[in-house]
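What follows is a set of notes on a single structure, which appears directly below.
Below, chain A is the first sequence line, B the second, and so on; all start at residue 1.
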Number of protein chains: 2
Amino acid sequence: MMGRKVTVRDVAAAAGVSTATASRVLTHSTSVNPEMARRVLKASSELGYTANVFARALRTQRTDTVGMVVPSISNAYFIAAVEAVERELADSGRSLILCDARESVETEAQRIELLVQRMVDGLIVVPVTAFDSVPAIEAAARQGPVVLFDRWADAASTDYVGSDNADGLRLCVDHLRARGCRSIVYVGAKPRTSTAYERHKAFRELMGPADGADGADGSTLLGEFSIEWGVDAARQLLGRDELPDAIVCGADIIAVALLGTLREAGVAVPEQVKVVSYDDLLLGQLTVPRLTSVRQPIDAMAAEAVRLLDERAGRPDAPVHKSIFRPTLVVRESTGR
Amino acid sequence: MMGRKVTVRDVAAAAGVSTATASRVLTHSTSVNPEMARRVLKASSELGYTANVFARALRTQRTDTVGMVVPSISNAYFIAAVEAVERELADSGRSLILCDARESVETEAQRIELLVQRMVDGLIVVPVTAFDSVPAIEAAARQGPVVLFDRWADAASTDYVGSDNADGLRLCVDHLRARGCRSIVYVGAKPRTSTAYERHKAFRELMGPADGADGADGSTLLGEFSIEWGVDAARQLLGRDELPDAIVCGADIIAVALLGTLREAGVAVPEQVKVVSYDDLLLGQLTVPRLTSVRQPIDAMAAEAVRLLDERAGRPDAPVHKSIFRPTLVVRESTGR
DNA sequence: ATGAAAGCGCTAACAG
DNA sequence: CTGTTAGCGCTTTCAT
């Protein structure tokens with residue numbers, strides 16, 4: 001429906017050259033007579049020429065477009081990631097096509113397939129799960145460059161950019177201990193994603209071998225990365241005989257909901273309970289009190305993801321590369337003044 | 001880089017028919033001998049055939065793809081709109097390409113241009129501004145179907161789907177008056193967008209002809225649809241001799257920030273000041289107290305937008321259509337129990 | 001350095 | 001109903 005009418009032919013004719021020469025000028029491919037080049041450029045701009053992307057892609061097998069699939073566009077952390085990647089791509093004149101997997105492995109597979117068909121030059125994926133997302137990702141990786149972002153998928157032999165979750169959790173626990181907290185509870189997500197898995201594992205290791213079974217002593221509560229779970233977990237804690245000194249949340253989205261629920265119940269944060277979280281979303285700075293949270297260097301991570309994509313495009317058989325960034329802790333009022 | 005190798009030719013050969021017949025089967029265009037059809041389908045699935053989108057688009061001039069440009073993907077209201085449109089399109093087997101204008105008219109123009117080039121079958125735009133966005137929108141509308149969503153752009157002769165902002169504001173003010181509020185302040189955005197303009201205008205008309213000049217009596221404060229402005233406006237109000245009975249916010253993003261700032265300063269909401277807002281985001285249900293807010297029927301609006309796009313594709317010269325939906329007020333704790 | 005011509009993979013006329 | 005053929009608009013050999 002939508003589309004240009006002006007073609008290279010028109011430009012060539014107007015400039016009095018062959019379509020080949022016109023194309024050469026327009027794509028800066030080979031050197032051409034300056035005078036002809038001038039005429040082509042003039043004709044091109046006068047006619048308002050824009051190359052038909054489909055014809056070009058059909059011919060060159062490239063699109064200057066990168067695809068990105070995230071688990072949910074309503075999670076602000078992924079939006080921040082998308083924005084960072086888009087900024088990065090803009091620098092090299094490329095654009096991003098964004099797809100939402102809606103937390104469904106099936107939708108995710110469809111979206112990945114869609115993007116591969118659209119011949120994106122590369123694909124950045126934040127997998128919905130660590131296991132079930134693997135087949136679609138591997139199929140895509142067979143066709144071209146794929147980089148996993150933030151979460152890895154098990155056994156997927158693709159490049160990866162993420163941050164050190166164990167270190168992030170260590171920052172949380174060290175900070176709380178320095179403020180005198182003894183009893184600490186972790187409220188996170190079930191280990192269906194690599195981030196949920198790593199953060200939970202790190203917490204348990206940091207807390208010592210006290211509990212053997214999976215949170216049998218009540219020091220860890222696992223649900224989803226969602227508002228609902230934050231509310232639910234808070235209620236569970238409120239139902240206990242006594243509250244812990246501090247709560248470590250696996251993500252801001254959980255923490256914000258948990259915080260609201262605790263305060264609604266009259267619990268003073270940070271006086272009675274301190275709360276620390278992960279992601280450092282703007283959202284966490286709107287709460288009262290504002291959240292102490294682990295920040296990942298998302299711009300650097302986005303840049304690295306694009307770099308890996310380009311590197312892989314150049315050397316398809318290079319060994320798999322994993323880039324792990326160090327997070328930092330941003331201290332705010334939720335862990336005391 | 002990424003792309004299929006299997007072509008119609010391969011499928012046709014494997015099925016022992018011509019490419020034309022194979023194509024006919026694969027696109028369900030004309031009726032074909034059932035036996036041949038069976039063979040083609042079998043060959044197709046055995047070879048793992050997928051049509052090359054570019055070749056198809058080049059030939060058919062269609063892509064089964066709709067483009068959407070929003071002012072900012074970090075504003076949860078637009079994300080909700082995107083999700084609704086995507087759901088709607090999925091029903092008819094089409095997909096959405098999303099672009100972020102980053103609150104910049106220039107970026108917006110680029111993105112619109114990019115999508116038009118990509119020959120999307122239609123374009124849904126939430127314009128960054130009511131005036132400066134017009135040229136890019138009109139240029140796109142000359143190429144194919146365009147529907148403005150939520151915000152209209154001045155003099156753009158394109159179809160539009162939105163909601164009745166005057167009615168929404170009336171709901172707010174009526175509700176507050178029913179709860180006994182006398183002094184009411186409006187905190188909104190400068191009239192650079194149609195929604196900001198209409199909400200502000202409606203508020204002033206509802207409050208009577210008391211103030212002539214633009215908020216000269218301090219009953220309206222105008223800034224941006226942003227966190228920062230919410231904080232700033234709250235501080236301005238806190239600096240006054242006395243607080244109003246109630247505050248009407250032009251958007252939840254403003255209200256959430258304003259609410260946090262008021263409560264941090266020890267102001268009791270809703271006891272001292274009631275707060276009502278617009279958009280009914282999930283965000284507003286995480287605050288303490290939860291926000292009373294105007295909800296727009298976003299799913300119905302998305303469905304209508306897609307319908308208008310399709311209608312326009314069928315009849316390019318049909319008169320311009322504007323669809324205005326009625327909002328409702330969702331009452332929560334921020335205006336009293 | 002330039003032009004003529006050959007396709008990229010697909011679908012729509014046009015004959016049969 | 002089926003096959004042959006001609007492009008969609010572009011880039012890129014291959015000659016010159």
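- Across all strands, B:Ser29 comes closer than 4.0 Å to no nucleic acid atom at all (heavy-atom distances).
- Atom CG in A:Leu26 sits roughly 15 Å away from atom P in D:dG9 (whole-Å rounding).
- Overall bending of the helix from C:dA1-D:dT16 to C:dG16-D:dC1, expressed as the angle between end axes built from five pairs apiece, is 40° (10° steps).
- Of all nucleotides listed (D:dG3, D:dT11, C:dA12), D:dT11 comes nearest to the side chain of A:Thr60.
- Applying the 4.0 Å criterion to OP1 and OP2 of D:dT11, one finds that A:Ser23 has a side-chain N or O inside that range.
- Phosphate proximity of D:dT11 to A:Thr27: absent, as no side-chain N or O sits under 4.0 Å from OP1 or OP2.
- Residues A:Asn52 and A:Thr7 form no side-chain contact, since every pair of their non-hydrogen atoms from C-beta on lies 4.5 Å or further apart.
- A 4.5 Å side-chain heavy-atom check between A:Leu89 and A:Ser95 finds every atom pair outside the cut-off.
- One atom, CG of B:Leu58, and another, P of C:dG7, lie 17 Å apart when rounded to the nearest Å.
- Between the CD atom of B:Gln61 and the P atom of D:dG7 there is a distance of 15 Å, given to the nearest Å.
- One side chain, A:Glu304 or A:Ser323, offers a donor N or O that lies under 3.5 Å from an acceptor on the other.
- Remark: P of D:dC8 and CZ of A:Arg9 are 7 Å apart, rounded to the nearest angstrom.
- Looking only at side-chain heavy atoms (C-beta outward), B:Ile73 and A:Ile79 come within less than 4.5 Å of each other.
- Using a 4.5 Å heavy-atom threshold, the side chains of A:Val85 and A:Ile124 count as touching.
- When each of B:Thr19 and B:Ala55 is assigned the nucleotide of DNA chain D bearing its nearest heavy atom, the one mapping closer to the 5' terminus is B:Thr19.
- Comparing C:dG9, D:dC10, D:dT2 by their nearest atom to the side chain of B:Thr21 picks out D:dT2.
- Within the 4.0 angstrom heavy-atom criterion, no nucleotide atom of any strand lies near A:Thr30.
- In this structure, A:Lys5 places its NZ atom 14 Å from P of D:dC10, rounding to the nearest Å.
- Rounded to an integer number of Å, the gap from CG of A:Leu47 to P of D:dG9 is 15 Å.
- Of the candidates D:dC10, C:dG3, C:dG9, the closest approach to any side-chain atom of B:Asn52 belongs to C:dG9.
- Look at CZ on B:Arg59: it is 16 Å from P on D:dC10, rounded to the nearest Å.
- Salt bridge absent: B:Arg111 and B:Asp100 never bring a charged side-chain N and a carboxylate O closer than 4.0 Å.
- Electrostatic pairing of B:Arg94 and B:Asp310 counts as a salt bridge here, judged by a charged N lying under 4.0 Å from a carboxylate O.
- Scanning for side-chain contact (heavy atoms from CB on, under 4.5 Å) contacts around B:Arg87 gives A:Arg102, B:Glu83, B:Ala84, B:Asp299, with sequence neighbours left out.
- For the pair B:Asp317 and B:Arg315, the salt-bridge criterion is not met [side-chain N within less than 4.0 Å of a carboxylate O].
- Nearest nucleotide to the side chain of B:Val17, out of C:dG9, D:dG3, D:dT5: D:dG3.
- Comment: B:Glu108 does not engage B:Arg151 in a salt bridge, judged by the lack of any side-chain N to carboxylate O separation of less than 4.0 angstrom.
- Atoms CZ (A:Arg56) and P (C:dG9) sit 18 Å apart, rounded to a whole Å.
- In terms of phosphate contacts, B:Ser31 brings a side-chain nitrogen or oxygen within less than 4.0 Å of OP1 or OP2 of D:dC1.
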Please tabulate, one pair per line, each protein N/O and nucleotide N/O from nucleotides 13-16 of chain C that are separated by under 3.5 Å, including the distance.
none

